[in-house]
**Student:** 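Got a structure here, written out as structure tokens. Questions coming.
First listed ligand is number 1; within each ligand, the first listed atom is number 1. Note that this is a predicted model, so its numbers are computed, not measured.
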Amino acid sequence: MIDFSGSEARITESTLVIGLVLPDVMGTYGDGGNALVLRQRARLRGIDAEVLPITLADPVPASCDIYTLGGAEDYAQRLATRHLTQYPGMQEAAAKGAPVLAICAAIQVLGHWYETSEGERVDGISLFDLTTTPQATRSIGEIEGVPLVDGLTQPLTGFENHRGGSALGPDAAPLMRVVRGTGNGAGSPVDGVVQGSVLGTYMHGPALARNPELADHLLSRATGRSLEPLDLPDVELLRRERLRK
Ligand code: GLN
């Protein structure tokens with residue numbers, strides 16, 4: 001787990017607070033890195049930003065400016081679901097327009113319900129109009145797609161590893177059309193979900209390190225301002241390598 005000790009002490013009135021939700025149980029494949037990418041891209045623009053880890057020992061505050069949640073195995077996912085149901089701070093913030101980024105298992109937790117690989121149905125927190133059931137086979141590998149969301153123009157890339165397939169209801173729109181990999185599965189060639197200020201994807205990576213445009217899309221929503229582009233050759237190199245067939 002990434003050590004953010006002391007970050008709470010540095011939070012002031014003007015700090016952009018990035019809530020890293022349940023990194024102790026949700027955060028496979030370095031998904032906690034999404035919070036670091038948001039912090040770094042904010043700081044490079046002169047915005048004071050801190051990551052606030054919210055663990056199973058903490059109630060979930062409604063005061064963060066943006067929230068990120070990572071993927072997890074079935075049991076950890078269930079602990080997270082219970083905690084978010086008991087402490088609905090993130091749901092309250094999302095209802096007021098705070099952006100939320102949910103990766104893989106977190107999509108499932110944020111839906112109406114998900115069925116585990118053992119066939120048990122678990123109620124989610126209904127931030128997304130979707131349900132999740134196990135697919136016949138596990139989807140593992142690189143995933144790539146074309147964004148379907150206004151303001152995103154660059155191909156999206158990530159790594160997926162999940163058994164669950166998520167079917168979107170009418171209130172949820174997909175994030176991208178999949179050109180490589182599976183994504184949401186459930187018979188549909190799309191990945192991810194966008195509903196109000198809440199965005200989900202099956203892309204690990206971490207997704208925001210691989211997709212800086214997506215990071216800035218969330219940041220600009222969290223700060224309420226448009227952000228100047230950043231010229232970061234190392235990030236571009238990573239993207240070129242990941243998108244190479
Ligand atoms: N346990 C979930 C599934 O297999 C999510 C896995 C993950 O987050 N990588 O569908």
**Student:** Distance from I125 atom CD1 to L84 atom CG, nearest 0.5 Å?
**Tutor:**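 Rounded to the nearest 0.5 Å, the CD1-CG separation comes to 5.0 Å.
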**Student:** Does R82 CZ have over 12 foreign heavy atoms under 6.0 Å away?
**Tutor:**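 Check fails, neighbour count at 12 or below.
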**Student:** For the CD atom of E213 and the OG1 atom of T153, what is their distance to the nearest 0.5 Å?
**Tutor:**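 With rounding to 0.5 Å, CD (E213) is 3.5 Å from OG1 (T153).
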**Student:** State whether the side chain of D129 and the backbone N or O of D171 hold a donor-acceptor pair below 3.5 Å, judged by distance alone.
**Tutor:**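 Flag set: sc D129 to bb D171 pair under 3.5 Å.
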**Student:** Does ligand 1 have any N/O pairs with the protein under 3.5 Å, and how far apart?
**Tutor:**
from, atom 1, to, atom 2, distance (Å)
ligand 1, 1 (N), A72, O, 3.2
ligand 1, 1 (N), D74, OD1, 2.9
ligand 1, 1 (N), Q77, OE1, 3.2
ligand 1, 4 (O), R163, N, 3.0
ligand 1, 8 (O), A72, N, 3.0
ligand 1, 8 (O), A72, O, 3.4
ligand 1, 8 (O), A105, N, 3.1
ligand 1, 9 (N), N161, O, 2.9
ligand 1, 9 (N), H204, NE2, 3.1
ligand 1, 10 (O), Q108, NE2, 3.0
ligand 1, 10 (O), R163, N, 3.2
ligand 1, 10 (O), G164, N, 2.8

**Student:** So, taking the atom named OG1 in T137 and the one named CZ in R163, what distance separates them when rounded to the nearest 0.5 Å?
**Tutor:**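 Rounded to the nearest 0.5 Å, the OG1-CZ separation comes to 8.0 Å.
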**Student:** Taking atom CZ of F159 and atom OG1 of T28, what is their separation to the nearest 0.5 Å?
**Tutor:**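 OG1 of T28 is found 9.5 Å from CZ of F159.
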